[in-house]
Protein chains: 2
Amino acid sequence: MEIQIVSIIGAGTLGSRIALQAAISGYQVSIFDITDKALDFSFETMKKILAQLDKGGHLKENPEKILSRVYFTLDPEKAVKDADLINESVTEDIELKKKVWKQFGELAPEKTILTTNTSYLLPSMFADISGKPSKFCALHFHDVFYSRVVDIMPHPGTDPSLIPLLEKFGRSLNQVPVLVKKENPGYIFNTMLLALIGAAGKLLTGEVASVEDIDKSWMVNFHMPMGPFGILDSIGLDTAWHVTKSREDSASKAFAAHLKTYIDQGKLGEKTGEGFYKYPNPAYKDPKFIQ
Amino acid sequence: MEIQIVSIIGAGTLGSRIALQAAISGYQVSIFDITDKALDFSFETMKKILAQLDKGGHLKENPEKILSRVYFTLDPEKAVKDADLINESVTEDIELKKKVWKQFGELAPEKTILTTNTSYLLPSMFADISGKPSKFCALHFHDVFYSRVVDIMPHPGTDPSLIPLLEKFGRSLNQVPVLVKKENPGYIFNTMLLALIGAAGKLLTGEVASVEDIDKSWMVNFHMPMGPFGILDSIGLDTAWHVTKSREDSASKAFAAHLKTYIDQGKLGEKTGEGFYKYPNPAYKDPKFIQ
């Protein structure tokens, strides 16, 4: 089978970026959400990204042509009517995702490959309720344009013949496909990133080193533009707290409690103007930070 | 006090690099080791690095002038006679380091700041035997030229007034000083690096993903030139095994056992031509690796 028509369920930041990259790559794309406001946000998001890409000379077609391949819809039936592949990016809530997969599993044609973009849940949680478990797999994008990894993570009942199709599809979207051979919450990258952040959190709450010295150590030794606390500010301290507080070990609990003190002050990171650093000009972006 | 004369104990790779950077920065430097062969190696190492730096236009003086400030010696008394600061980089062996610090603690003038460059041992293990515990501190370099972080890690008996002196000294060597407020094996960076490598090892031994896909995930998402297994190859699998096998958790034990299978085949990483990848042209350096 060849994937030609792609349906994105959930028109948030990530869903919009995936839909846009699919349109740039020549696919016919539908993108579904439940409010006009969500679809308007999605359209504006795509226009902004296209303008940036166009300015940088990264587009082979003009933005209008690319956008003409995207069909924005509030109608679930129309959204998936001819889809060869569905990728779902709704809010990370297990009950919501179950509801969505019950609905779209029924609406989707027999041929459709069903994929979820969940960050920390597992495809086996939704495979059965979709009604087509052998067609179901996780297909997890990062941010599509800057971080171009796509995780392919089957559940035990996924038809193995989907894997090469999804690898090919990922490459066609200018992504680097990686295979997660067994279900693993956080796939590959997030598992490692969490380990790094956990170690940084332990150094901080154990009063071994300051936020700035921990970040400097990482940035200077690896020549990276930010360290673990800068990364946390960009992820959002609320998101990090949700993941960290579910862990059982004492270091994670201490760090979750520390993150909570920021959250209680409304300091969620870059998006609220303050987290471990103050934005829009955080200390770590000043060249003097690492001199 | 002002640091003007620096004495490096141990003329291996790291000791030679520190001595050279000190000479480049204008210090008078003595470098001590116990064999002519070691000193010859050190001299050749410095000449090679100076040639590279000179070629890249990074030197303000000619290499001969810089080398003229380095005094190579087999004589322990002469090595530290006028030293304002000693930095010890002998083999990572607790008994050897104790012996060295007993000897040089006695030989060093009263004024001398005594520093160890140990990777995973702690300054409190050597402070008393040096005879001058308040003058004793860890001062830990990474590779001096590419990774320019220097950790300053006091033990509970270190005179706090040494800290700003060591920070200033670190900056004068073109390093970024970071303060490790409490003794912590692995300081800041190595603690985080080990957490990352541990997570990567667990993904591999748990058969979640391949060496290549784990490295791709890290490289592509963070735009880095290598991933955890490429890093392990450059550190040396024997070194990684020594650190990993001392840990108690089951994931570390499984990864240590896995590393041992490579070591038993003589695959220690880049230095033996093979580790997780084959050198000198490892797969991850091929641009196609992340396409």
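As the structure is a computational prediction, the values presented were derived from the model and not from experiment. Note on naming: letters A, B, ... go to the chains in the order of the sequence lines (proteins, then strands), and numbering restarts at 1 for each one.
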message: Looking at A:Lys278, I want to see if its NZ is surrounded by more than 12 non-hydrogen atoms of other residues, nucleotides or ligands under 6.0 Å.
response: no
field: Side chain, backbone, both or neither of B:Arg171 within contact of chain A (heavy atoms, under 4.5 Å)
entry: side chain
- prompt: After noting the C-alpha distance and the side-chain angles of B:Phe189 and A:Val220, does the key distance pass the side chain to side chain contact (heavy atoms under 4.5 Å, CB included) rule?
  reply: CA-CA 10 Å; B:Phe189 177 73; A:Val220 175; over 6 Å; no
query: For chain B, which of A:Asn174, A:Asn184, A:Ile197, A:Asp143 has the most heavy-atom pairs under 4.5 Å?
result: A:Asn184
- request: Using a cut-off of under 4.5 Å on heavy-atom pairs, state which of A:Gln291, A:Arg148, A:His223 scores highest against chain B.
  value: A:His223
query: Where does B:Ile231 contact chain A at under 4.5 Å (heavy atoms): side chain, backbone, both or neither?
result: side chain
query: Checking B:Tyr146 against chain A: side chain, backbone, both or neither under 4.5 Å from a heavy atom?
result: both
Interface residue of largest heavy-atom contact number with chain A, from B:Leu196, B:Asp151, B:Leu203, under 4.5 Å: B:Leu203
task: Pick one of side chain, backbone, both or neither for B:Pro228, based on which atoms fall under 4.5 Å of a heavy atom in chain A.
output: side chain
- request: Select one option (side chain, backbone, both, neither) describing which atoms of B:Met192 are under 4.5 Å from chain A's heavy atoms.
  value: both
task: Return the option, out of B:Glu212, B:Lys216, B:Glu207, with the maximum number of heavy-atom pairs under 4.5 Å with chain A.
output: B:Glu207
query: Quick one: CG on B:Asn190 to OG on A:Ser217, what's the gap to the nearest 0.5 Å?
result: 9.5 Å
query: Between B:Ala195 and A:Ala199, which heavy-atom pair has the shortest distance, and what is it?
result: CB-CB, 3.5 Å
query: Among all residues two or more places apart in sequence or in another chain, which pass the salt bridge (Lys or Arg N to Asp or Glu O under 4.0 Å) test with A:Lys168?
result: none
